[in-house]
Amino acid sequence: MMTNNPITLRRLENFKKSRRGYVSFWIFLILLALTLPAEFIANDKPIAVSYQGELFFPIFKDYKETEFGGTFETATDFTDPFIIKKIQGEGWIINPIVPFDHQTVAWDLTMPAPSAPDAIHILGTDDQARDVLARVIYGFRISVLFGFTLTMISAVIGVFAGALQGYFGGWVDLIGQRFIEIWSGMPTLYLLIILASIIEPNFWWLLGLLLLFSWMGFVGVVRAEFLRARNFDYVRAARALGLGDFKIMLRHVLPNALVATMAFMPFTLAGSVTVLTSLDFLGIGLPAGSASLGELLAQGKANFQAPWLALTGFFVIAIMLSLLIFIGEAVRDAFDPRKLFTNK
């Protein structure tokens, strides 16, 4: 097993020695574990309801108001005092910790939106009377998922392209490098602006467009490793024994190239989160109304009288990126061959 490999165990030990990175890793995991099931943490629908001896799960399915003693055939509004009283009179109700969805509008504010933090809205509300804490929870999740997805797919494409260039060299490498030089000069921001004027960008549109360019960051490190290793004795021996090029690349050279790739990935993840936040701040990112940290920053910029908006967005993004950078530094040190067999 990989965990019994002495080199892997040594890398894990080196990773744990980086106290800042190791602690950041666990903090990030805890935050991710709390935000991934965001619907169970922040929602205006109950997790479970018992009424007249029957169980309901509104978080998964809409129920008609008549099923809870109401009058209308429309979907039940579980914030309605009449419905709450009916349910509590003949059963029980389990609500999420934060009783607001990221799009829930608080109609009962005692002051104009954006309202300051209070006992109900811990981080206040934004200029559309939506709970900031709920939007932070959902925004953190979508930022991390977007960053992870973009990073992983970019790594696969970048490693494949870098491996081909580095292993075969010659015209393959020359053409590949010239293509990357031309392709990297494309104005990504202008393309996004043009796209936003034609269609409404969404998660997958943004992911696909940014993926067209983000993979190039992985090519250089993988290409360099393949260029270095393709003439090693063990590669020549494998080739002399009749092993195919792609099997040599996959079995003998790629594991070494993945070391540099793994060390590079946390920084790419941080960059992907920053790109999404920047696009949302400029208004050409996720659709309007989506939970977005960049949109929260834009609201803070537009509402200087509500400093909690800008401060919340700033600290959430700063903490997230700091954790990712600290983790990236720890991963880099763990894979550093100079520290692999030393006690430094």
Side-chain angles (χ1 to χ4, degrees), residues 1-18 21 25 147-184 208 210-272 327-344:
M1 294 179 65
M2 184 178 295
T3 54
N4 294 327
N5 189 315
I7 296 179
T8 302
L9 294 175
R10 185 61 177 176
R11 286 171 178 161
L12 289 174
E13 184 181 343
N14 287 341
F15 180 76
K16 293 178 180 179
K17 284 181 180 179
S18 177
F25 173 74
F148 268 121
T149 306
L150 182 60
T151 301
M152 295 303 297
I153 300 178
S154 299
V156 172
I157 298 175
V159 167
F160 180 75
L164 290 179
Q165 288 183 224
Y167 183 82
F168 292 104
W171 283 104
V172 174
D173 186 34
L174 182 63
I175 295 174
Q177 286 300 100
R178 299 297 80 77
F179 173 78
I180 290 176
E181 290 173 1
I182 297 172
W183 194 247
S184 61
L210 293 176
L211 186 60
L212 293 176
F213 304 94
S214 60
W215 59 271
M216 290 181 287
F218 290 92
V219 174
V221 292
V222 177
R223 171 179 171 270
E225 184 62 35
F226 271 79
L227 281 172
R228 184 177 68 89
R230 66 175 182 164
N231 292 320
F232 282 178
D233 290 340
Y234 68 88
V235 175
R236 291 180 176 179
R239 192 180 295 117
L241 290 173
L243 201 63
D245 289 330
F246 286 98
K247 287 186 177 180
I248 295 175
M249 293 167 61
L250 184 63
R251 296 181 184 178
H252 300 289
V253 187
L254 184 59
N256 294 327
L258 288 180
V259 172
T261 304
M262 289 294 296
F264 188 66
M265 286 179 68
F267 301 102
T268 305
L269 174 58
S272 301
I327 294 171
E329 291 176 348
V331 171
R332 182 191 60 196
D333 292 341
F335 282 92
D336 189 343
R338 295 172 298 179
K339 298 182 180 181
L340 194 56
F341 297 106
T342 65
N343 293 322
K344 296 181 180 180

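- Contact of the Trp215 side chain with the Ile153 side chain is not registered, since no non-hydrogen atoms from C-beta on lie closer than 4.5 Å.
- Taking both residues in full, the closest heavy atoms of Val331 and Met262 are given as CG1-O, 3.5 Å, listed atom of the first, atom of the second, then distance.
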Exercise for the section: Please lay out, stage by stage, how Tyr234 and His252 fare under the test side-chain contact (heavy atoms from CB on, under 4.5 Å). Expected result: CA-CA 8 Å; Tyr234 68 88; His252 300 289; 3.7 Å; yes

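- For the pair Leu243/Arg239, no side-chain contact is recorded, criterion being any heavy-atom separation below 4.5 Å from C-beta on.
- The minimum heavy-atom distance linking Leu227 with Gly166 is given by the pair CD2-O, 3.4 Å.
- With hydrogens and angles ignored, the 3.5 Å screen pairs no side-chain donor or acceptor of Ser18 with any backbone N or O of Asn14.
- In summary, of the residues considered (Leu269, Leu211, Thr268), a side-chain contact (heavy atoms from CB on, under 4.5 Å) with Leu150 occurs for Leu211 alone.
- Using a 4.0 Å cut-off between charged side-chain N and carboxylate O, Glu13 and Lys16 make no salt bridge.
- Heavy-atom minimum distance, Phe218 versus Thr261: CD2-CG2, 3.8 Å.
- Here the shortest heavy-atom pairing between Val159 and Val222 reads O-CG1, 3.6 Å.
- In this structure, Ser184 OG and Phe179 CZ are separated by 9.5 Å, a value rounded to the nearest 0.5 Å.
- Atoms CD1 and CZ, on Ile248 and Arg230 in that order, are 12.5 Å from each other to the nearest 0.5 Å.
- Within a 6.0 Å radius of CZ in Phe160, other residues, nucleotides and ligands contribute 12 heavy atoms or fewer.
- For the side-chain contact (heavy atoms from CB on, under 4.5 Å) test with Met249, the passing option among Leu254, Val235, Leu164 is Leu164; the others fail.
- The CD1 atom of Ile180 sits 8.0 Å away from atom CZ of Arg223, with the distance rounded to the nearest 0.5 Å.
- Checked against a 6.0 Å centroid threshold, the rings of Phe25 and Phe15 count as neighbours.
- Between Phe264 and Gly217, the closest heavy-atom pair is CE2-O, 3.4 Å.
- For the pair Arg236 and Asn231, the tightest heavy-atom approach, listed with the atom from each and the gap, is NE-O, 3.3 Å.
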